[in-house]
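Reading through the structure tokens given below for one structure.
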Protein chains: 4
Amino acid sequence: MSETIDLTDRTAETDRAASVRLNDEKMRQILEGARRVFLADGFDGASMNDVARVAGVSKGTLYVYFQSKQALFEALIREEHRRTAERLSMFDEAEPDVALVLTRFGNALMNFMLLPEHIALVRTVSAAAAKFPAIGRAFFDAGPQYGADRLAAYFSQQVEAGALFIDDVNLAAWQFLEALQGGHLKRMLFCVCEPPQQDAVEKAVARAVEMFMAVYRPK
Amino acid sequence: MSETIDLTDRTAETDRAASVRLNDEKMRQILEGARRVFLADGFDGASMNDVARVAGVSKGTLYVYFQSKQALFEALIREEHRRTAERLSMFDEAEPDVALVLTRFGNALMNFMLLPEHIALVRTVSAAAAKFPAIGRAFFDAGPQYGADRLAAYFSQQVEAGALFIDDVNLAAWQFLEALQGGHLKRMLFCVCEPPQQDAVEKAVARAVEMFMAVYRPK
Amino acid sequence: MSETIDLTDRTAETDRAASVRLNDEKMRQILEGARRVFLADGFDGASMNDVARVAGVSKGTLYVYFQSKQALFEALIREEHRRTAERLSMFDEAEPDVALVLTRFGNALMNFMLLPEHIALVRTVSAAAAKFPAIGRAFFDAGPQYGADRLAAYFSQQVEAGALFIDDVNLAAWQFLEALQGGHLKRMLFCVCEPPQQDAVEKAVARAVEMFMAVYRPK
Amino acid sequence: MSETIDLTDRTAETDRAASVRLNDEKMRQILEGARRVFLADGFDGASMNDVARVAGVSKGTLYVYFQSKQALFEALIREEHRRTAERLSMFDEAEPDVALVLTRFGNALMNFMLLPEHIALVRTVSAAAAKFPAIGRAFFDAGPQYGADRLAAYFSQQVEAGALFIDDVNLAAWQFLEALQGGHLKRMLFCVCEPPQQDAVEKAVARAVEMFMAVYRPK
DNA sequence: GATGAATGAGCTTTCATTCAT
DNA sequence: GATGAATGAAAGCTCATTCAT
């Protein structure tokens, strides 16, 4: 069952035909083609024909590397969310100014989340989640949930250090992450438009930090 | 071009064949069938066959009422976001306790946004937005944006009345709306799971109100 | 499971989409096209494309009338073996000369079994039987077995009437039917050649009757 | 043209690439794999992929040893019918009891013909005969026809020796061979079932001998 | 107005075959 | 000599759409 596949534990090797060493270059070509086509058209909207053409390989070759359209899609999403996870910046735990840490983190995160290609990924994965729950879950765990966990851990640290007063660090993390967006992500998700002005984003981040510090900073 | 269609200005009448008065009952049947199928399978994943079967009409009849699959989908989304817009409760401007107003509003909104059928709509529309930007925009304007505008207007009122201190009411509205979600909407969007416990949602709403009041309430 | 389908109980109606009355002419066209293509190329060798072209309908239409290639093939074989069964002539029980009855029957049967189109059917069905046992069994029951049963019943009558002495009428029937062939059927089955000369067949029939009467006629 | 190939005159050597001495072990492996796959799935139903996998060699290697799928199939059938021919037991010309000779021969032949793998071969070859007449003919000549010829030669001997009275030894041979089957071969051909009970086969053989001796034994 | 039969383009996938290594 | 990566044609099948009734 596709539902039971744990995407996070798969390595690229397991996508390949057993005991066969396929061409790495071709593999990259195919995944790149799949990325372009799937992210543009969605799972159902994309055709293997298109993927083959964009990847510059024959349709048959697609099936040498991947068992099915679904398998290719899953491999792609796996690949993508690995990049996503790697992207998540760490917190500078040595920096004593919590507001500064959050501001830096917020700006970095927003810059990434508002990239058109990330928006396309979100769109594609959320649509696919209805059909392939495992894919949606893997993306959620490695992306939003992972980020929230890291942030909550940072908060716990600061609470112990007496720099913050928070009773529910998880909820606090989620709400800070949501507030950061200031509607910009939703607008891009639905409106297919250019990313917002850099200063609008920075202002949203600044206000989110302000709001957060107003509640959770010790008086 | 689908990009130029302005969904918000269309009335149901303009979908119909010119100069013919079609059966309203059939029309409702078709839209209900389309709702079930499109929201379950997405635009590309749905087939007109399924829509016809679920609606209980013949495939030919579908094309009597709608020019194409795309036209039917657009009509459906239009219908849906009209319901959505109607759903958005008003603010009790007479109630002097702002925190209470926001809490009531927040709970009502979250209860609606976390309905599985609303999640399905969000998924479907965001996926379709890549192909049919007009649909995404119409949904955004009538849904999230409309809500933010109403909330911002309420904030302006309260600022004038001296009950709140806000310099950017729009940003404040958006951030309050985002903070309300506390990650629950994202989880449902990606994870195909049951709506969260009622008390978890209420806690998220309460904290969002607290956070908001901490920054914007006059000292 | 295809294995459990009882071909003999199906009527033509059940092949059709439920509650839909499809065009009889088209149905006949399709079955005729299928007959030509399947009997010439076998199940695996035939393509639905070819069937559609030979039948003079579109590929899509094939699937309006039949759910799958296998379903079409099964319907065809059902149709064919109905014709086959009808073909089996009765025995003139009033005729007192048993040898004459057997000679007439043998000649009629051989004339039918050696028809190129019957040979093609035997080839196709026996090959398909490995994949679809139900088809092979249905053909066997309605063809060879049915014939053997009828013949055995006739023998029983003659035994009771004192015209023949047979202890195992079933075995006697089978061996008479086999002896009739005199290698001609095998030659056509493997050699793709013209049916043998009429007099060669008649001689084989005559010898088979002789042989049969030599053992089973009362002295 | 495949029609003009005379399988009976080919030796294994001519299948091989000119002037190369290929590995005999590999050759056997391939033919064994081909036997398993072709006899199970038929010519059209079998894939070179399956043959390669079952044979334990690479797909490329198949084409080193055989020019094409058809060539491999022909080589296999050639191989098979050589085994078949070798299988045909000789007649004990010294044994004075003709009925005993025929009974021994009949039992040995039936035991062989009813082997599931022989049935599979008959099915596969008869199906292939429509497409590759040369294959069907080669099988017929080396199998049924060869057997009938040997038997007819034995009959001639016995006629000359005064042990039998037969005017057409060829027809007599064929009819004895057919009568032996008693329907058992047909049943297995169409019904994909277990071989019949040993005693049922022996009874059929005994009756066939009886019937034969009743006509052709001198009074 | 409503139907459902019919279509043909296009879908995912398989397969016999080739070729560089 | 043996391999397996790569191919493109063709397979079975689906689907949005049209049209005669």
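Chain naming here is simple, since letters A, B, ... match the order of the sequence lines and numbering starts at 1 in each. Predicted, not measured: the structure shown is a model, and the values here were computed from it.
Taking both residues in full, the closest heavy atoms of Leu62(C) and Met48(C) are given as CD2-O, 3.4 Å, listed atom of the first, atom of the second, then distance. The two residues Ala52(D) and Ser58(D) make their nearest non-hydrogen contact at CB-C, 4.1 Å.
With dA2(E), dG8(E), dA2(F) as the choices, the nucleotide that has an atom nearest any side-chain atom of Lys26(D) turns out to be dA2(F). When the nucleotides dT3(E), dA5(E), dG8(F) are ranked by their closest atom to the side chain of Thr61(B), dT3(E) comes out on top. Of all nucleotides listed (dT14(E), dT3(F), dA16(F)), dT14(E) comes nearest to the side chain of Tyr63(A). Of the candidates dT12(E), dT3(F), dA16(E), dA16(E) carries the atom nearest the Ser47(D) side chain, counting heavy atoms from C-beta on. In this structure, the nucleotide among dA11(F), dA16(F), dT7(F) sitting nearest to the side chain of Met48(B) is dA16(F).
Between Phe43(C) and Phe132(C), the ring planes are perpendicular. Angles over 60° get that label, and only those under 30° would be called parallel.
For Gln67(B) and dT18(F), the CD to C1' distance is 13 Å, given to the nearest whole Å. To the nearest angstrom, C1' of dA5(E) lies 14 Å from CD of Glu25(C). Computed from coordinates, the Asp41(B) CG to dC15(F) C1' distance equals 14 Å when rounded to whole Å. Atom CD of Gln70(A) is separated from atom C1' of dC11(E) by 16 Å (rounded to the nearest Å). If you measure from atom CZ of Phe73(A) to atom C1' of dT12(E), you get 16 Å, rounded to the nearest angstrom. Atom pair Leu62(A):CG and dT7(F):C1' shows a separation of 12 Å (rounding to whole Å applied). Distance CZ (Arg53(A)) to C1' (dG8(F)): 16 Å, rounded to an integer number of Å. We find that CG of Asp24(D) is positioned 14 Å from C1' of dG1(F), with the value rounded to whole Å.
The CG atom of Leu31(C) sits 13.5 Å away from atom NZ of Lys26(C), with the distance rounded to the nearest 0.5 Å.
Both Ser58(D) and Phe43(B) lie near DNA chain F, and the one whose nearest nucleotide falls closer to the 5' end is Ser58(D). Closest-nucleotide positions on DNA chain E for Ser68(A) and Gly60(B) were compared, and the one nearer the 5' end corresponds to Gly60(B). The residue among Asn49(D) and Lys69(A) whose nearest nucleotide of DNA chain E lies closer to the 5′ end is Lys69(A).
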Glu117(D) vs Arg35(D), test: side-chain contact (heavy atoms from CB on, under 4.5 Å). Steps then yes/no.
CA-CA 10 Å; Glu117(D) 59 184 24; Arg35(D) 208 178 71 85; 3.7 Å; yes

I'd like to know whether Arg28(C) forms a side-chain contact (heavy atoms from CB on, under 4.5 Å) with Asp24(C), so could you lay out the CA-CA distance, the side-chain angles of the two residues, the decisive distance to 0.1 Å, and finally the verdict.
CA-CA 6 Å; Arg28(C) 272 198 302 114; Asp24(C) 270 349; 5.9 Å; no

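For the side-chain contact (heavy atoms from CB on, under 4.5 Å) with Leu72(C), the qualifying choice from Ile30(C), Ile77(C), Val37(C) is Ile30(C), the only one to do so.
For Arg137(A), the CZ atom sits in a loose shell: 12 or fewer heavy atoms of surrounding residues, nucleotides or ligands are nearer than 6.0 Å.
On a pure distance criterion of 3.5 Å, no polar donor-acceptor pair joins the side chain of Lys59(B) and the base of dT3(E).
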Where does DNA chain E pair, written as one dot-bracket string 5' to 3', with Watson-Crick or G-U pairs under 3.5 Å, ( ) inside the strand, [ ] for crossing pairs and | for another strand?
.||||||||||||||||||||

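Across all strands, Ala52(A) comes closer than 4.0 Å to no nucleic acid atom at all (heavy-atom distances).
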